[in-house]
Amino acid sequence: MKLTNYHTHTFFSDGKTSPAECVAHAYRLGLNALGFSDHSPLPFENSFSLHEDRLPEYVAEIRRLQKENEGLMQIWLALEMDYIPGMSAPFAALKQQAGLDYVIGSVHLIGHSHQDNLWFTDGPDVAVYDEGLRRFYRGDIRRGVKAFYDQTNEMIQNETFDVIGHFDKIKMHNQGRYFSESDAWYRRLVLETLSLIREKGLIAEVNTRGIYKQRYNGLYPSGWLLHEMGKAGVPVIISSDAHHPSELTAEFDRAAETLMAAGYKSVMMFDNGQWIEQPLNDLKHR
Ligand SMILES: [Zn+2]
Ligand SMILES: [Zn+2]
């Protein structure tokens, strides 16, 4: 199968290198397609998202690389858009403004309206997760997790986008401390979100970052959930959420094997404005 990664960060947001360095390494790895998806601008100071003033430069650089590599490697321009009610810009407007090829929609910050109200669940620091859970939800994990899935559901219902990013990532810093993924209340929440994903016709990414960063020993979404997604017919892509060129295809073999075990026969590929199916085969030939 063709080797693709559609979730890549560069130094335009919180990635470590230039887009050109990513492309150079993608050739070494034998990638057929590389999509750039830096974090969309947000209306407050932070250390991870693309600054609005640099959006035109980001767009121009990815388009330049796309042209330069035409016929050799497919390069695509995207953003990973954060959904924060009352704060984030409408996805469709930003997509049009920047002329993007596709959009990944993700929830990293839970809350609304003001930066001081946001529970940051996605960073490297477990202490930040724990502190936010105490501060915003009085340590009640069920309320905290429900807020994450509610905000995700709202994004699915209110916004237009192609791929839903790491949609069960709220489990990352749980590490078996607060809840089990087999708890009935947790499964209900996730499966409700899954049915919205299916209704909306979204692609779900299978994100390997937890494994190679050693923050969570498994994929986002988890294996049991991939089985449910397979039964529901939700299309998927395998992505690394790379923040460094060396991570571009990290743990793709494990993702492909897990997907096959879950009954998947194909993954999606972006081709000039359209997502098309391609057969899912063993990637081990690399
Ligand atoms: Zn993300
Ligand atoms: Zn990302």
Side-chain angles (χ1 to χ4, degrees), residues 5-10 12-15 35-44 46 48-63 66 75-115 117-122 147-170 192-207 220-221 234-237 239 241 268 270-275:
N5 182 49
Y6 297 111
H7 192 157
T8 313
H9 296 278
T10 74
F12 280 97
S13 66
D14 61 349
F36 288 97
S37 59
D38 270 311
H39 291 285
S40 59
L42 287 170
F44 55 89
N46 68 77
F48 65 91
S49 69
L50 172 64
H51 202 281
E52 194 159 18
D53 299 343
R54 295 194 75 197
L55 181 59
E57 195 190 333
Y58 170 69
V59 169
E61 177 58 4
I62 307 305
R63 290 297 184 211
Q66 186 177 44
I75 311 265
W76 303 113
L77 170 66
L79 285 170
E80 181 180 18
M81 296 196 189
D82 250 283
Y83 180 71
I84 310 172
M87 296 192 86
S88 53
F91 290 4
L94 187 51
K95 183 185 181 191
Q96 195 184 17
Q97 182 199 334
L100 306 178
D101 293 316
Y102 64 90
V103 173
I104 300 174
S106 297
V107 172
H108 305 105
L109 297 142
I110 302 162
H112 58 86
S113 309
H114 193 276
Q115 65 193 93
N117 296 338
L118 302 176
W119 179 26
F120 186 38
T121 60
D122 198 273
F148 170 79
Y149 284 108
D150 283 351
Q151 191 165 316
T152 301
N153 295 348
E154 207 181 302
M155 170 175 77
I156 296 167
Q157 281 158 335
N158 294 349
E159 299 287 359
T160 306
F161 56 107
D162 302 79
V163 177
I164 187 156
H166 46 67
F167 81 87
D168 72 344
K169 205 174 178 185
I170 193 70
E192 190 190 336
T193 296
L194 175 59
S195 73
L196 291 176
I197 290 170
R198 193 179 59 86
E199 274 170 38
K200 189 89 182 226
L202 294 171
I203 295 166
E205 73 160 352
V206 178
N207 181 310
Y220 316 120
V234 172
V236 291
I237 54 172
S239 65
D241 202 348
M268 303 308 282
F270 187 78
D271 192 16
N272 252 327
Q274 280 196 62
W275 291 94

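Residue numbers run from 1 in the order of the sequence given. Note that the coordinates shown come from a computational prediction; the quantities given were computed from them, not determined experimentally.
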Quick one about N153 and T193 (side-chain donor to acceptor, distance below 3.5 Å, no hydrogens or angles considered), yes or no?
yes

Between D241 and Y220: side-chain donor-acceptor atoms closer than 3.5 Å
no

Please find the pair of heavy atoms, one from N272 and one from W76, that lie closest to each other, and give the distance.
N-CH2, 3.4 Å

Answer yes if the side chains of H9 and H7 hold a donor-acceptor pair under 3.5 Å, and no otherwise.
yes

What's the spacing between L77 CG and D38 CG if we round to 0.5 Å?
10.0 Å

OG on S37 to OH on Y102, rounded to 0.5 Å:
5.5 Å

State, with a plain yes or no, whether a side-chain heavy atom of T152 is found less than 4.5 Å away from one of I164.
yes

Shortest non-hydrogen contact from N158 toward Y83
ND2-OH, 3.3 Å

Sequence neighbours excluded and cut-off under 3.5 Å, please list the side-chain donor-acceptor pairs for residues 85-97, or say none.
residue, atom, partner, partner atom, Å
S88, OG, D82, O, 3.4
S88, OG, I84, N, 2.9
S88, OG, I84, O, 3.2

Any side-chain donor near an acceptor of the partner, H166 and E80, under 3.5 Å:
yes

Report the distance from atom CZ of F161 to atom CD1 of I156, rounding to the nearest 0.5 Å.
5.5 Å

Tell me whether the rings of F48 and F120 are parallel (<30°), tilted (30 to 60°) or perpendicular (>60°).
parallel

Specify the closest pair of heavy atoms between V234 and A204, including all atoms of both residues, with the distance to one decimal.
CG1-CB, 4.0 Å

